[in-house]
There are 2 protein chains.
Amino acid sequence: MTRMKRTALGRFPCSVARTMDLLGDWWTPLVLREVFYGVHRFDEIQRALGIARNTLADRLTRLTAEGLLDRVPYQDKPARHEYVLTEKGRDFFPVLAAMVRWGDKWLTAEEGVPVDLVHSCGQRAHAKTVCSECGELFTADTVRSRMGPGFPAELAGKPEVQARFT
Amino acid sequence: MTRMKRTALGRFPCSVARTMDLLGDWWTPLVLREVFYGVHRFDEIQRALGIARNTLADRLTRLTAEGLLDRVPYQDKPARHEYVLTEKGRDFFPVLAAMVRWGDKWLTAEEGVPVDLVHSCGQRAHAKTVCSECGELFTADTVRSRMGPGFPAELAGKPEVQARFT
DNA sequence: ATACTAGGGTTGTTCTAGTGAACCCAGCTG
DNA sequence: CAGCTGGGTTCACTAGAACAACCCTAGTAT
């Protein structure tokens with residue numbers, strides 16, 4: 001994992017970089033999407049995505065080690081396992097949903113979106129991102145950032161760092 | 001761009017894959033984050049991220065070509081430009097916000113989050129993902145997927161593809 | 001004249017993520 | 001016994017992503 005080094009030396013820490021460190025390669029989000037879709041078994045995922053077997057094995061191992069997936073046995077006679085989402089893994093759904101929303105809106109040709117999402121309210125729907133406190137839209141121009149408690153002290157003093165938090 | 005090939009031959013099309021094709025490398029989301037933060041100039045971004053100059057040039061060119069950024073001159077004497085978000089680019093904010101939310105929740109050590117987000121309502125807040133229609137939470141277990149109008153016809157017939165949309 | 005700035009382009013090297021193909025093993029099936 | 005399935009592992013190879021270092025152009029300040 002080269003990426004760990006980058007964040008470690010990283011000029012500027014944030015959860016985007018940390019998240020990309022863990023899940024930011026091409027396959028990982030797709031593997032997660034499959035599991036969200038209810039595709040839980042190694043060979044099913046492999047066939048569905050056309051991913052190389054060792055690459056998939058690596059992704060599943062990593063996702064399990066990071067606590068997004070659990071490897072649970074579903075039969076005993078020949079030991080077989082399937083991969084199910086943990087709470088940490090299920091909680092990643094909004095990120096995928098936001099990506100789907102963006103892609104559906106901006107990358108869709110005339111024939112329409114490849115996949116429709118249906119919410120439990122019965123409507124065809126998409127993800128909408130709102131403020132956790134007031135419920136209004138959470139957009140680039142309604143959100144400001146401030147240094148948080150976990151901001152690295154050695155960076156907090158630098159003028160160019162402070163400049164961006166005004 | 002190897003990735004274009006993958007989606008092209010892709011067993012299973014979706015906006016996650018399409019979005020990852022465009023923006024799914026390690027640096028692109030970080031470059032976008034900088035621009036969201038108001039860091040608009042080449043050298044500023046380069047210093048802030050510690051990214052190699054040619055890599056940054058490539059990302060900026062790509063983001064501009066894809067229509068997420070505009071390259072606008074801000075002075076003439078020596079021609080200088082800065083990169084500003086288009087509507088397509090600004091609309092990507094929810095994806096970053098969802099990533100930040102997930103990272104803040106699951107990857108934060110005891111010292112707390114590195115960056116606080118403040119919404120225009122005045123509260124410290126985070127992104128919340130809700131159904132565009134009813135406003136209730138948009139989560140893995142409240143959302144089902146169906147084939148959309150843009151689903152490739154040659155795949156729609158296959159039994160293993162249909163199996164996942166039941 | 002010199003040096004410095006902003007915004008790149010170019011070159012050459014390294015490194016690694018992904019790949020296909022082969023192999024392995026356990027346990028059912030015929 | 002042979003072969004298939006599920007779930008992997010090991011190997012050798014390669015395309016391309018990132019990097020450092022240097023060059024370039026215009027203007028500007030010293």
Side-chain angles (χ1 to χ4, degrees), chain A residues 1-11 17 20-31 34-35 39-65 69-84 160, chain B residues 1-11 17 20-31 34-35 39-65 69-84 160:
Chain A
M1 242 110 296
T2 314
R3 306 194 202 80
M4 292 310 277
K5 272 192 292 178
R6 296 192 227 182
T7 303
L9 71 81
R11 317 295 191 100
M20 290 298 287
D21 270 346
L22 253 65
L23 311 173
D25 63 294
W26 204 78
W27 285 118
T28 302
L30 296 175
V31 170
E34 289 304 305
V35 183
V39 181
H40 295 303
R41 321 252 252 254
F42 189 94
D43 274 33
E44 284 175 356
I45 301 174
Q46 195 267 320
R47 269 195 305 272
L49 294 177
I51 182 177
R53 301 179 67 81
N54 50 357
T55 305
L56 176 57
D58 175 76
R59 285 315 110 89
L60 290 173
T61 306
R62 190 152 87 206
L63 286 168
T64 305
L69 295 180
D70 254 349
R71 187 165 177 268
V72 301
Y74 66 91
Q75 78 176 34
D76 229 13
K77 333 282 283 181
R80 296 279 180 269
H81 327 78
E82 55 186 4
Y83 295 88
V84 299
E160 78 268 21
Chain B
M1 238 108 300
T2 313
R3 305 193 203 81
M4 291 311 276
K5 272 191 291 177
R6 296 191 227 180
T7 302
L9 73 81
R11 317 297 190 100
M20 290 298 287
D21 270 346
L22 253 65
L23 311 173
D25 64 294
W26 203 79
W27 285 118
T28 302
L30 296 175
V31 171
E34 290 304 305
V35 183
V39 181
H40 296 303
R41 320 252 253 256
F42 187 94
D43 275 34
E44 285 175 354
I45 301 174
Q46 195 267 322
R47 270 195 305 272
L49 294 177
I51 182 177
R53 302 179 67 81
N54 48 0
T55 305
L56 176 57
D58 175 76
R59 285 316 110 91
L60 289 173
T61 305
R62 190 153 85 204
L63 286 169
T64 304
L69 296 180
D70 254 350
R71 188 166 178 266
V72 301
Y74 65 93
Q75 77 177 34
D76 229 13
K77 330 281 288 182
R80 295 280 179 271
H81 326 79
E82 55 185 5
Y83 296 88
V84 300
E160 78 269 21

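We use all heavy atoms of the structure for the numbers below, so side chains are in, but hydrogens, waters and symmetry mates are not. Labels below follow one simple rule: chain letters A, B, ... track the order of the sequence lines, proteins then strands, and each chain is numbered from 1.
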Inset, instruction - Please list, chain by chain and in numerical order, all residues satisfying side-chain contact (heavy atoms from CB on, under 4.5 Å) with B/A52, sequence neighbours excluded. - result: B/N54, B/T55
Legend entry - Interatomic spacing from CG in B/L56 to CG in B/D43 - rounded to 0.5 Å: 9.0 Å
Legend entry - Spacing of OH belonging to B/Y74 relative to CD belonging to B/E82, to within rounding of 0.5 Å: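 Reported to 0.5 Å precision, the distance equals 6.5 Å.
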Quick one: [X] [atom1] to [N] [atom2], roughly how many Å, whole number?
X: A/W27; N: C/dT19; atom1: CH2; atom2: C1'; answer: 11 Å
X: B/L56; N: C/dA6; atom1: CG; atom2: P; answer: 14 Å
X: B/D58; N: C/dT11; atom1: CG; atom2: P; answer: 16 Å
X: A/L60; N: D/dG7; atom1: CG; atom2: P; answer: 11 Å
X: A/Q46; N: C/dG18; atom1: CD; atom2: C1'; answer: 13 Å
X: B/D25; N: C/dC15; atom1: CG; atom2: C1'; answer: 17 Å
X: B/R53; N: C/dT11; atom1: CZ; atom2: C1'; answer: 16 Å
X: B/Q75; N: C/dA6; atom1: CD; atom2: P; answer: 10 Å

Inset, instruction - Spell out, as yes or no, whether a donor-acceptor pair under 3.5 Å connects the side chain of A/H81 to the backbone of A/V72. - result: no
Inset, instruction - Please answer whether the main-chain N or O of B/A57 pairs with a side-chain N or O of B/T61 as donor and acceptor at a distance below 3.5 Å. - result: yes
Inset, instruction - Verify the contact: side-chain N or O of B/R71 to OP1 or OP2 of C/dG8, cut-off strictly under 4.0 Å; return yes or no. - result: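 True: B/R71 side-chain N/O within range (under 4.0 Å) of C/dG8 OP1/OP2.
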Legend entry - Under-4.0 Å side-chain N/O to phosphate OP1/OP2 contact, A/Y83 with D/dG8: yes
Taking donor-acceptor contacts at under 3.5 Å, does the side chain of [X] reach the base of [N]?
X: B/R80; N: C/dG7; result: no
X: A/N54; N: C/dG20; result: yes
X: B/D43; N: C/dT5; result: no

Inset, instruction - With DNA chain C as reference, determine whether A/T55 or A/A79 sits nearer its 5' end, using the nearest nucleotide of each. - result: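 Looking at DNA chain C, the more 5' nearest nucleotide goes with A/T55.
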Legend entry - Residue B/R47, side-chain atoms from C-beta onward, closest of C/dA6, C/dT19, C/dG7: C/dA6
